[in-house]
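Below is one structure; the comments refer to it alone.
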Amino acid sequence: MTIPTTPVPRVAFQGEFGAFSEMALRQQWPNGVEPIPSATFPEALARVLAGDVHYAIVPVENAIVGRVKVALDALEAVGDAVEVRAETRVPVHLCLLAPRGATLAELRDVHSHPVALAQCRIFFARHSWLVSTPHADTAGAARDVAAAGERTRGAVASAMAAERYGLEIIARHIEDVSANWTRFVVVSKRD
């Protein structure tokens, strides 16, 4: 199904700017999109149902962890009120981020979305002093780490999040599977 590109669509996504969901919507609409961050998947879908946005983009499957249950539960909760209009698959390359000047040896607490942390089990096993701490989303973790500015706190997120929040990339491609990807669906209110 073709998705209209004019006017510039408003698209809700779960997370903060710099999230992989933002990467997905920018991939889906390379000629322009207005991304609308949402705290939760139900909030993103509620914005679609209220007519505040044209679409929501929701991750439904990841190459490493499989089904994204919390997102699928949110889609199931709205049922036939929305329809899938398109899908896109985004390569997921996770980075360890920290405030400028921090080193891997200094880090202790690493924050990120539980799904992202689960995709980096081998990295955490090799660096056993790092404690993984769940956060609502990858980019939000990066934003909070940047705001705190503590050299012992890091985040697992995208290179885009590092750039957006002024963090240093301590390690790249820390995901367990190099061919990691997440499949997203684009949904709109059913006509």
If hydrophobic clusters are built by linking Ile, Leu, Val, Met, Phe, Trp and Tyr wherever their side-chain heavy atoms come under 4.5 Å apart, do Val156 and Ile64 end up in the same one? no
Paired with Val82, the side chain to side chain contact (heavy atoms under 4.5 Å, CB included) test is passed by just one of Val185, Val187, Val58, namely Val187
### Message
Can you tell me if Arg121 has over 12 outside heavy atoms packed within less than 6.0 Å of its CZ?
### Response
no
- Task: Report yes or no: do Val60 and Val84 belong to one cluster of Ile/Leu/Val/Met/Phe/Trp/Tyr joined by side chain heavy-atom distances under 4.5 Å?
- Result: yes
Value for CG (Leu25) from CZ (Phe20), rounded to nearest 0.5 Å, stands at 13.5 Å
Starting from Leu104, can I reach Leu94 by hopping between I/L/V/M/F/W/Y residues whose side chains sit under 4.5 Å apart?
yes
Chi angles and distances behind the side-chain contact (heavy atoms from CB on, under 4.5 Å) call for Thr88, Val186:
CA-CA 8 Å; Thr88 190; Val186 175; 5.5 Å; no
- request: Report yes if some heavy atom in the side chain of Lys189 is under 4.5 Å from a heavy atom in the side chain of Val48; otherwise report no.
  value: yes
Legend entry - Co-membership, hydrophobic cluster, residues Leu117 and Trp181, 4.5 Å side-chain: no
### Message
For the backbone of Gly18 and the side chain of Glu22, can you confirm whether one donor and one acceptor N or O come within less than 3.5 Å of each other?
### Response
yes
Please check if atom CZ in Arg172 has more than 12 non-hydrogen atoms from other residues, nucleotides or ligands closer than 6.0 Å. no
- Message: A side-chain contact here means heavy atoms from C-beta on lying under 4.5 Å apart; do Gln119 and Val92 qualify?
- Response: yes
Subject >> Between His111 and Asp144, a side-chain donor and acceptor under 3.5 Å >> reply: no
Between His54 and Arg10, is there a donor-acceptor pair closer than 3.5 Å when you use the side chain of the first and the backbone of the second?
yes
When every non-hydrogen atom of Leu107 is compared with those of Ala98, the smallest separation belongs to CD2-CB, 3.9 Å
Q.
Using a 6.0 Å cut-off, check whether atom CD of Glu163 has over 12 heavy atoms from anything other than its own residue.
A. no
Q.
Would you say Val115 ends up clustered with Val110 if hydrophobic residues are merged whenever their side chains have heavy atoms under 4.5 Å apart, either directly or through other cluster members?
A. no
Begin from the C-alpha positions of Glu106 and Thr103 and carry the test side chain to side chain donor-acceptor pair (under 3.5 Å) through to its verdict. CA-CA 5 Å; Glu106 289 176 290; Thr103 66; 3.2 Å; yes
Here the pair of heavy atoms bringing Val145 nearest to Ala155 is CG2-CB, 3.9 Å
Open item on the list: For a 4.5 angstrom cut-off between non-hydrogen side-chain atoms, does Ile169 reach Leu97?
Closed with: yes
For Leu72 and Glu76: C-alpha separation, side-chain torsions, deciding distance, then whether side-chain contact (heavy atoms from CB on, under 4.5 Å) applies.
CA-CA 6 Å; Leu72 290 167; Glu76 186 177 324; over 6 Å; no
Open item on the list: Quick check: do Ser21 and Pro59 have side-chain heavy atoms less than 4.5 Å from each other?
Closed with: yes
query = Ignoring hydrogens and geometry, is there a side-chain-to-backbone donor-acceptor pair from Arg108 to Thr152 under 3.5 Å?
reply = no
Inset, instruction - Ignoring hydrogens and angles, tell me if any N or O in the side chain of Arg47 forms a donor-acceptor pair with the backbone of Ala56 under 3.5 Å. - result: no
Does the side chain of Pro37 come within less than 4.5 Å of Phe13's, by heavy atoms?
-> yes
| query | What do the steps show when you test Val78 against Leu49 for side-chain contact (heavy atoms from CB on, under 4.5 Å), and what is the final call? | reply | CA-CA 9 Å; Val78 297; Leu49 296 177; 3.8 Å; yes
| task | Answer whether the closest heavy-atom distance between the side chains of Tyr165 and Glu16 falls below 4.5 Å. | result | yes
